[in-house]
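For reference, the structure discussed in these notes is given below.
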Amino acid sequence: MERMPKEFFGKPTLELAEELLGCELIKETEEGVASGYIVETEAYIGAVDKAAHSYDYKRTKRTEVMFGEAGYAYTYVMHTHCLVNVVSGEAGEPEAILIRAVEPVQGIDLMYERRGDKKEKDLTNGPGKLTKALGIVKSDYGHLYGEPPLYIAKGFIPEDISVGPRIGIENSEEARDFPWRFWVTGNKFVSR
DNA sequence: GCTTCGATGCTCT
DNA sequence: GAGCATCGAAGCG
């Protein structure tokens with residue numbers, strides 16, 4: 001297994017969002033290792049994106065990590081769920097890539113334990129589901145991807161990639177139409 | 001304190 | 001497969 005070097009994350013956000021598809025996202029815990037291939041991502045570019053927490057360079061305790069260098073984890077707790085992003089873009093630019101879906105690879109038994117007795121497809125086909133399945137928690141906030149317990153490694157090369165508008169941001173005016181969602185065409189673990 | 005953020009997992013069909 | 005109730009934390013004033 002080959003971990004991504006920090007330099008991998010040092011490219012434009014939209015480009016990185018596409019290249020993350022097929023990469024393996026790995027989380028190590030005391031219970032064991034769980035991982036999955038990333039099959040769906042969304043880019044958030046705070047400077048122009050009303051759907052982002054960091055819109056208009058709004059700097060808070062929560063968005064702070066997005067202003068830093070690329071390659072760090074931005075975990076965001078919403079309700080009972082936890083969503084995970086990869087910080088991208090130049091330092092000072094609040095940009096990140098939300099991981100929306102993965103395909104289970106390692107520790108599938110562990111995922112069933114965490115998620116309950118569901119179909120395999122339901123383990124990780126949503127942003128809140130995959131964090132629970134992999135055991136990603138709020139305290140992973142600010143962790144650098146590349147070091148255990150949370151990191152990204154090479155996976156597979158997607159045959160075909162689709163691009164389209166993002167999901168769940170209807171209240172974000174023109175930002176809702178930005179084609180900043182990427183997914184592996186035809187993969188059944190994509191959320192929809 | 002009140003508002004603001006959206007996904008999950010029911011149920012019903 | 002569609003509609004709806006429900007859930008917690010952070011920001012802001």
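Reminder, nothing fancy here: chain letters follow the sequence lines and each chain counts from 1. Because the structure is a prediction, the values reported are computed rather than measured. All heavy atoms count here, side chains included; hydrogens, waters and symmetry mates do not.
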ask   = Can you tell me how far P of dT6(C) sits from CE of Met78(A), to the nearest Å?
value = 17 Å

key: Connected-component partners of Tyr57(A) among ILVMFWY, side-chain separation under 4.5 Å   = Phe67(A)

query = Considering only dA7(B), dA10(C), dG6(B), which nucleotide approaches the side chain of Lys138(A) most closely?
reply = dA10(C)

message = Whole angstroms only, please: what is the CG-P distance between Asn85(A) and dA7(B)?
response = 12 Å

ask   = From Ile26(A) CD1 over to Glu28(A) CD, what is the distance, rounded to the nearest 0.5 angstrom?
value = 8.0 Å

query = Between dG1(C) atom P and Asp122(A) atom CG, what is the distance in whole Å?
reply = 12 Å

message = Between C1' on dT8(B) and NZ on Lys132(A), what's the gap in Å once rounded to a whole number?
response = 10 Å

ask   = With a distance cut-off below 6.0 Å to the six-membered ring centre and an angular limit of 45° from the axis, does Arg62(A) pair with Tyr74(A) as a cation-pi contact?
value = no

key: Test side-chain hydrogen bond (donor to acceptor under 3.5 Å, both in side chains) applied to Tyr76(A) and His53(A), step by step   = CA-CA 10 Å; Tyr76(A) 157 41; His53(A) 292 139; 3.3 Å; yes

query = So which of residues 57-67 of chain A are in contact with DNA chain C, with a heavy-atom cut-off of under 4.0 Å?
reply = Lys58(A), Thr60(A), Lys61(A), Arg62(A)

key: Separation of dT3(B) P from His53(A) NE2 (nearest whole Å)   = 18 Å

inquiry  = Checking contacts here: which listed nucleotide (dC7(C), dC5(B), dG9(B)) is nearest the side-chain heavy atoms of Thr80(A)?
reply    = dC7(C)

query = Atom NZ of Lys129(A) and atom C1' of dC10(B): how far apart are they, to the nearest Å?
reply = 12 Å

query = Atom CD of Glu42(A) and atom P of dG6(B): how far apart are they, to the nearest Å?
reply = 10 Å

task = Give the intermediate values and the outcome of side-chain hydrogen bond (donor to acceptor under 3.5 Å, both in side chains) for residues Arg100(A) and Thr124(A).
result = CA-CA 9 Å; Arg100(A) 289 193 56 89; Thr124(A) 58; over 6 Å; no

ask   = Within a radius of less than 6.0 Å around CD of Glu64(A), do more than 12 heavy atoms belonging to other residues, nucleotides or ligands occur?
value = yes

query = How long is the line joining NE2 of His81(A) and P of dA9(C), in whole Å?
reply = 12 Å

ask   = Would you say dT8(B) has OP1 or OP2 under 4.0 Å from some side-chain N or O of Arg115(A)?
value = no

request  = Before giving the answer on side-chain hydrogen bond (donor to acceptor under 3.5 Å, both in side chains), spell out for Ser54(A) and Thr63(A) the whole-Å C-alpha distance, their side-chain angles and the decisive distance to 0.1 Å.
outcome  = CA-CA 6 Å; Ser54(A) 53; Thr63(A) 61; over 6 Å; no

